[in-house]
Amino acid sequence: MTAGSGVIHEEYHSENFAKTGGSMEMVQLWVNLPKKDKMTKPGYQGIVRADIPSVELDNNSKLSVIAGIYDGVEGPAKVHSPINMWDLMLSTGDYEFKIPEGHNCLILSRSGSVQINDSDILRQGQVAVFHREGQTVKIEANDDVKLLLLTGEPIDDPVVGYGPFVMNSEEEIKQAFEDFNNGTFIR
């Protein structure tokens, strides 16, 4: 979803799930828009698993490309600045992933634990954030793991967030609330 110049949305599970319960996994990521695109036309991309291409890796592992490119395979998500969003399902083994020079990079462990760059241990539910220097991330998996590996070209615009709004200044946040309250937020 691109919020842009105004989207009001709500995430919820099905009525059946509310009645019967069960396990649900959800990761919600907010990717900032560059200042020039803040008031772009809002949009929604319905992406289902069948739309997401995968790359087979060693050890019966795979990398699904949600956004960006991996090994020439492009993901379906439309983006406003260069990013990569890779869903990794790794079996026991050593892996090395090339990261675009200068990109911000983070890894979220959805399940399992890994050692990163021969140093730190990342456990389920934890996030590792990397410096912009370097172009590779080494991951050692001692068991089956599920990770999200995200990279993005730095936007370097000021960020001011309040409530559901993310803008570039306090004045813009105040204006967003004023527009929302008087019914002119969605353009």
Side-chain angles (χ1 to χ4, degrees), residues 1-12 25-47 51-53 63-88 96-110 116-117 119-120 122 125-139 147-187:
M1 179 186 78
T2 301
S5 64
V7 166
I8 298 174
H9 67 97
E10 179 179 14
E11 293 86 19
Y12 56 91
E25 179 184 27
M26 182 179 120
V27 176
Q28 184 179 67
L29 303 168
W30 289 33
V31 179
N32 194 21
L33 289 170
K35 184 178 177 89
K36 68 180 180 57
D37 294 326
K38 282 282 192 223
M39 299 310 288
T40 194
K41 182 180 176 183
Y44 177 80
Q45 304 168 60
I47 300 172
D51 297 335
I52 301 171
L63 180 153
S64 297
V65 184
I66 300 166
I69 297 175
Y70 181 83
D71 199 24
V73 175
E74 188 168 349
K78 297 176 190 113
V79 297
H80 289 266
S81 60
I83 68 169
N84 292 298
M85 183 182 298
W86 302 332
D87 187 11
L88 307 173
E96 193 169 280
F97 298 96
K98 186 173 168 115
I99 305 302
E101 181 66 41
H103 270 216
N104 293 315
C105 178
L106 65 86
I107 297 175
L108 165 67
S109 174
R110 294 175 37 224
I116 299 179
N117 293 336
S119 178
D120 296 313
L122 180 67
Q126 292 183 326
V127 175
V129 180
F130 299 85
H131 295 285
R132 292 184 189 172
E133 303 87 32
Q135 289 188 276
T136 58
V137 172
K138 182 179 175 188
I139 298 174
L147 309 170
L148 280 180
L149 193 154
L150 310 162
T151 80
E153 184 177 271
I155 296 173
D156 291 331
D157 289 337
V159 175
V160 178
Y162 190 81
F165 302 112
V166 180
M167 302 301 280
N168 298 112
S169 69
E170 288 188 31
E171 293 77 27
E172 290 172 344
I173 290 287
K174 289 176 187 172
Q175 186 65 52
F177 271 98
E178 186 177 311
D179 291 347
F180 180 79
N181 288 330
N182 69 25
T184 60
F185 176 68
I186 297 176
R187 298 179 183 158

message: Just verifying a value: how many Å separate Lys35 NZ and Asp157 CG, rounded to the nearest 0.5 Å?
response: 7.0 Å

message: Ring-plane angle category for Phe165 and Phe180, please: parallel below 30°, perpendicular beyond 60°, tilted otherwise.
response: perpendicular

message: Please find the pair of heavy atoms, one from Ser64 and one from Ile52, that lie closest to each other, and give the distance.
response: CB-CG2, 3.8 Å

message: Using every non-hydrogen atom in the two residues, find where Pro100 and Asn84 come nearest and quote the distance to one decimal.
response: CG-ND2, 3.6 Å

query: If you measure from CG on Asn104 to CG on Asp156, what distance do you get to the nearest 0.5 Å?
result: 8.0 Å

- prompt: Any sub-3.5 Å donor-acceptor pair from Asn117's side-chain atoms to Val137's backbone N or O?
  reply: no

field: Heavy-atom side-chain proximity of Asp87 to Arg110 below 4.5 angstrom
entry: yes

- request: Scan Val129, Leu150, Leu88, Ile139 and name whichever one has a side-chain contact (heavy atoms from CB on, under 4.5 Å) with Ile107.
  value: Ile139

task: Can you establish whether the number of heavy atoms outside Gln135 located under 6.0 Å from its atom CD is more than 12?
output: yes

Gap separating the CD1 atom of Ile83 from the CD1 atom of Ile69, nearest 0.5 angstrom: 12.0 Å

message: Return the NZ to CD1 distance between Lys78 and Ile47, rounded to the nearest 0.5 Å.
response: 8.0 Å

- request: Measure across Gln45 and Pro76 and return the closest heavy-atom pair with its distance rounded to 0.1 Å.
  value: OE1-O, 3.8 Å

message: Which heavy atom of Cys105 sits nearest to which heavy atom of Thr151, and what is that distance?
response: SG-CG2, 4.1 Å

message: Between Asp120 (side chain only) and Ile116 (backbone N and O only), is there a donor and an acceptor less than 3.5 Å apart?
response: no

- prompt: Can you name the closest pair of heavy atoms from Val79 and Ala67 and give their distance?
  reply: CG1-CB, 4.2 Å

query: Between Gln175 and Glu178, is any pair of side-chain heavy atoms under 4.5 Å apart?
result: yes

query: For Thr184 and Asn182, does a side-chain donor sit closer than 3.5 Å to a side-chain acceptor?
result: yes

field: Distance (rounded to the nearest 0.5 Å) between Asn32 CG and Asp37 CG
entry: 10.0 Å

Over all atoms of both residues, closest heavy-atom pair of Ile155 and Ser81: CD1-OG, 4.2 Å

message: What's the separation between atom CE in Met39 and atom CE in Met167, rounded to the nearest 0.5 Å?
response: 5.5 Å

message: When you compare the side chain of Leu63 with that of Val65, does any pair of heavy atoms fall below 4.5 Å?
response: yes

